[in-house]
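What follows is a single structure, written as structure tokens, with notes after it.
Since the model is a prediction, treat every value here as computed from it, not as a measurement. All residue numbers in this chain count up from 1 along the given sequence.
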Amino acid sequence: AEASGRGGAAMAARRAALALALAATCTAAAHSRSEVVAHGNGHVRSSAAAALAFLMDGKGDAPVDDAPAARRDTVKHSERAADGRAAHRRAQQPAPGVIASATLVAGVALPAHPARHTKVGGSVPDFEAQVWSHIAAARKGGPHPAALLLSGGDPFFDGSHLRRVARSAPVTDWYFMAAVVSLILVVDVAVLQLLPETARTNIVLLIFWLLVSSAVGVEVWLRMGPEDGSRWVEGFLLELVYAPDRIFVIHLVLTALNTPRRLMPKALFLSLIGFICVRFFFVLGLASVLERLRVVPYAVGVWLVYSASRLLAPRPSLGAAGVAATYAGDSRKAAGDAEKPKLPLAEPPQAGADEDLVDDVTQAPIVCALRWLLGSRLGEFYDEETEAVLTTVRRRLVLNLLGVAIFCLIAVELLMGLDVALVKNEALNDPFLDLSSAVAAAFVVRASVFVVRDIFNNWGLSQKTLGTVLLFSGAELLLARVVRVNAVFAAFVTMSILASSMLVSWLLSEMEAKT
């Protein structure tokens with residue numbers, strides 16, 4: 001190098017770097033699974049041959065990637081934005097050094113996922129610290145440019161998103177996930193929904209679904225390795241962090257439509273199936289399409305603030321007897337006793353509810369809109385005898401209020417689940433881990449809705465508590481693009497409002513007992 005001057009020094013350094021990269025490639029390939037090497041051996045062999053030729057004569061350019069198809073079989077990345085993940089799904093021990101070294105030899109720079117860094121000395125990556133750092137830095141309602149970049153700007157349903165989802169995991173993992181979800185749904189319908197409807201049962205079911213989700217996370221960890229397992233846990237925890245707002249809005253929908261207690265399990269079960277379908281469309285690219293509209297968070301924020309203002313605004317008290325009489329008379333008048341079957345209407349307010357804030361469910365805005373849209377095809381009653389969504393009235397099939405409640409719950413999942421779907425797309429960029437963690441968290445969220453309902457009823461919390469939570473959530477969505485709102489902090493504030501209301505209610509009850 002000293003004899004040939006600066007040009008010779010640069011050439012020697014270049015040869016040494018390529019030699020080290022080639023050695024790293026051969027070492028990583030020797031320790032990887034045979035099937036990973038089988039998929040990528042053409043790419044590694046061609047890159048190694050080009051590098052050896054370059055080292056021998058010192059002419060030509062750095063070797064290029066002449067086998068993109070082989071690399072696509074081993075690297076899980078989007079067709080438009082490769083993320084550099086090298087661990088194959090069927091490999092029990094991921095070997096991230098294979099693709100990293102091969103692309104270095106080939107002269108291709110793939111952007112690495114931030115959770116793929118390893119410690120100095122080749123030790124196991126600190127996945128736990130990475131997971132907690134990502135969750136702690138999650139932003140509520142903020143812009144998601146990375147999610148739009150990863151979508152590649154492809155039109156929705158053009159086929160590229162579906163191919164990306166299918167390639168994110170082996171087909172056996174998709175079959176396994178479908179079998180597990182189907183089994184859980186069958187057990188839920190055949191066993192769990194038949195349990196007695198008590199507060200203790202709902203708490204036990206919440207713990208049960210947390211244990212089931214933990215078992216699924218352990219299975220993912222064992223099947224796919226610690227890296228994908230930790231990222232699945234990250235997606236699951238992100239779902240729980242973003243869930244409190246959705247839980248209270250679901251409670252608002254069920255309260256506003258005055259859904260009977262015995263029909264709530266069916267309404268939430270059917271909305272759970274709708275949630276799974278919505279999340280599947282989100283990973284197909286629907287989330288990026290809605291994000292480009294830029295009006296969804298503002299529309300949801302305005303609706304939440306409006307709902308909160310109605311709950312927090314003072315209203316004249318009618319008394320228990322006046323509310324019950326007005327409620328029964330107006331409901332039957334709106335339903336039309338002469339034209340509607342003798343089916344139970346929405347049940348009277350439950351114990352613990354704020355009677356001053358009870359409205360006629362038939363005058364709810366969503367019911368009025370559907371009445372204008374469907375006309376006589378809308379049945380303004382609940383069919384508690386058959387628990388049907390569609391009821392035959394005078395030889396005509398009508399949609400009853402249970403169908404209206406299910407429609408509203410699915411709309412809540414669509415609009416309020418968009419934020420966490422985009423955050424997970426940026427953090428994971430893996431449709432299989434994204435969808436599976438969302439499905440597992442959905443069962444936990446549904447059980448939490450029953451627990452929150454029991455808290456409002458048993459602790460005597462008024463609708464002022466619900467209005468405060470909705471006001472805070474709506475302000476978050478309206479100001480999220482201007483002020484950075486931490487998701488963990490927002491969840492903590494929401495749960496603190498509920499806990500403070502419970503504490504105040506308990507103190508008041510103790511004071512009344514002493515007097």
Do Trp174 and Val165 have side chains that get closer than 4.5 Å, going by heavy atoms?
yes
Side chain to side chain contact (heavy atoms under 4.5 Å, CB included) between Met224 and Leu433, worked out:
CA-CA 11 Å; Met224 301 179 180; Leu433 299 178; 4.2 Å; yes
Is there side-chain contact between Phe472 and Thr494, with at least one heavy-atom pair below 4.5 Å?
yes
Electrostatic pair Lys424-Glu239, nearest N-O below 4.0 angstrom:
yes
Working to the nearest 0.5 angstrom, can you tell me the gap between Leu373 CG and Cys368 SG?
13.0 Å
Where is the tightest heavy-atom contact between Val361 and Val367, given as atom of each residue plus distance?
O-CG2, 3.5 Å
Spacing of Leu252 atom CG and Leu311 atom CG [to the nearest 0.5 Å]:
6.0 Å
Please determine, by modelled atom types, if Asn429 and Arg164 share a side-chain donor-acceptor pair under 3.5 angstrom.
yes
Between CG of Leu409 and CG of Leu272, what distance do you get to the nearest 0.5 Å?
11.0 Å
Within-4.5 Å side-chain heavy-atom neighbours: Trp303 and Val249:
yes
Are there over 12 heavy-atom neighbours, none belonging to Phe269, within less than 6.0 Å of that residue's CZ?
yes
Knowing that exactly one of Val296, Leu286, Val278 qualifies, which makes a side chain to side chain contact (heavy atoms under 4.5 Å, CB included) with Leu418?
Val296
Mark yes or no for whether Arg371, through its side chain, and Ile366, through its backbone, hold a donor-acceptor pair below 3.5 Å.
no
Nearest atoms (heavy-atom pairs only) where Arg481 meets Pro297
NH2-CG, 4.0 Å
Restricting to non-hydrogen atoms, name the atom on Val220 and the atom on Gly229 that form the minimum distance, rounded to 0.1 Å.
CG1-CA, 4.2 Å
For the side chain to side chain contact (heavy atoms under 4.5 Å, CB included) test, which of Val305, Leu304, Ile497 pairs with Leu471?
Val305
Would Leu478 and Tyr298 satisfy side chain to side chain contact (heavy atoms under 4.5 Å, CB included), going step by step from the backbone distance to the final call?
CA-CA 5 Å; Leu478 294 177; Tyr298 297 106; 4.2 Å; yes
Could you state the interatomic distance from CD1 (Ile455) to CZ (Phe450), rounded to the nearest 0.5 Å?
14.0 Å
Answer whether the closest heavy-atom distance between the side chains of Leu414 and Phe281 falls below 4.5 Å.
no
Under the 3.5 angstrom rule, does the side chain of Asn400 hit a backbone N or O of Ala388 as a donor-acceptor pair?
yes
Does the side chain of Asn202 pick up a donor-acceptor pair with the side chain of Asp454 at under 3.5 Å?
yes
Nearest 0.5 angstrom please: Ser505 OG to Leu461 CG, how far?
5.5 Å
Side-chain heavy-atom pair Trp221, Pro226 within 4.5 angstrom cut-off:
yes
Nearest heavy atoms of Asp419 and Gly141, plus distance in Å
OD2-N, 2.6 Å
Could you tell me if the side chain of Ser436 sits less than 4.5 Å from the side chain of Val216, heavy atoms only?
no
Spacing of Leu257 atom CG and Ile406 atom CD1 [to the nearest 0.5 Å]:
11.0 Å
Close side-chain approach of Leu422 and Phe282, heavy atoms under 4.5 Å
no
Which residue pairs pass the ring pair (Phe, Tyr, Trp, His ring centres under 6.0 Å) test with at least one member in residues 227-248, sequence neighbours excluded?
Trp232-Phe236
Does Arg262 come within less than 4.0 Å of Glu387, counting only side-chain N to carboxylate O?
yes
Among Leu254, Val253, Val404, the one residue meeting side chain to side chain contact (heavy atoms under 4.5 Å, CB included) with Thr259
Leu254
Any side-chain donor paired with an acceptor under 3.5 Å for Lys464 and Ser501?
no
With sequence neighbours left out, the residues meeting side chain to side chain contact (heavy atoms under 4.5 Å, CB included) with Ala136 are none
Do side-chain atoms of Arg246 reach the backbone of Val445 as a donor and acceptor pair under 3.5 angstrom?
no
Backbone N/O of Trp506 and side chain of Ser509: donor-acceptor pair under 3.5 Å
yes
Could you tell me if the side chain of Met177 sits less than 4.5 Å from the side chain of Leu435, heavy atoms only?
yes
Looking only at atom types and distance, does a side-chain atom of Ser473 sit under 3.5 Å from a main-chain N or O of Leu470, one as donor and one as acceptor?
no
Chi angles and distances behind the salt bridge (charged side-chain N to carboxylate O under 4.0 Å, His left out) call for Arg446, Asp188:
CA-CA 12 Å; Arg446 185 190 59 164; Asp188 184 82; 2.5 Å; yes
Can you name the nearest heavy-atom pair linking Leu402 to Leu263, along with the distance?
CD1-O, 4.1 Å
Give me the atom names and distance for the closest heavy-atom approach of Gly379 to Val398.
N-CB, 4.0 Å
Under 3.5 Å side-chain donor-acceptor pair for Thr201 and Thr198
yes
Residue pair Leu378, Glu380: steps toward the side chain to side chain contact (heavy atoms under 4.5 Å, CB included) verdict:
CA-CA 6 Å; Leu378 176 65; Glu380 300 174 21; 4.3 Å; yes
Checking side chain to side chain contact (heavy atoms under 4.5 Å, CB included) for the pair Arg261/Arg453: CA distance, chi angles, key distance, verdict?
CA-CA 10 Å; Arg261 188 182 184 95; Arg453 181 202 63 183; 3.1 Å; yes
Under 3.5 Å, side chain of Lys140 to main-chain N/O of Val485, donor-acceptor pair present?
no
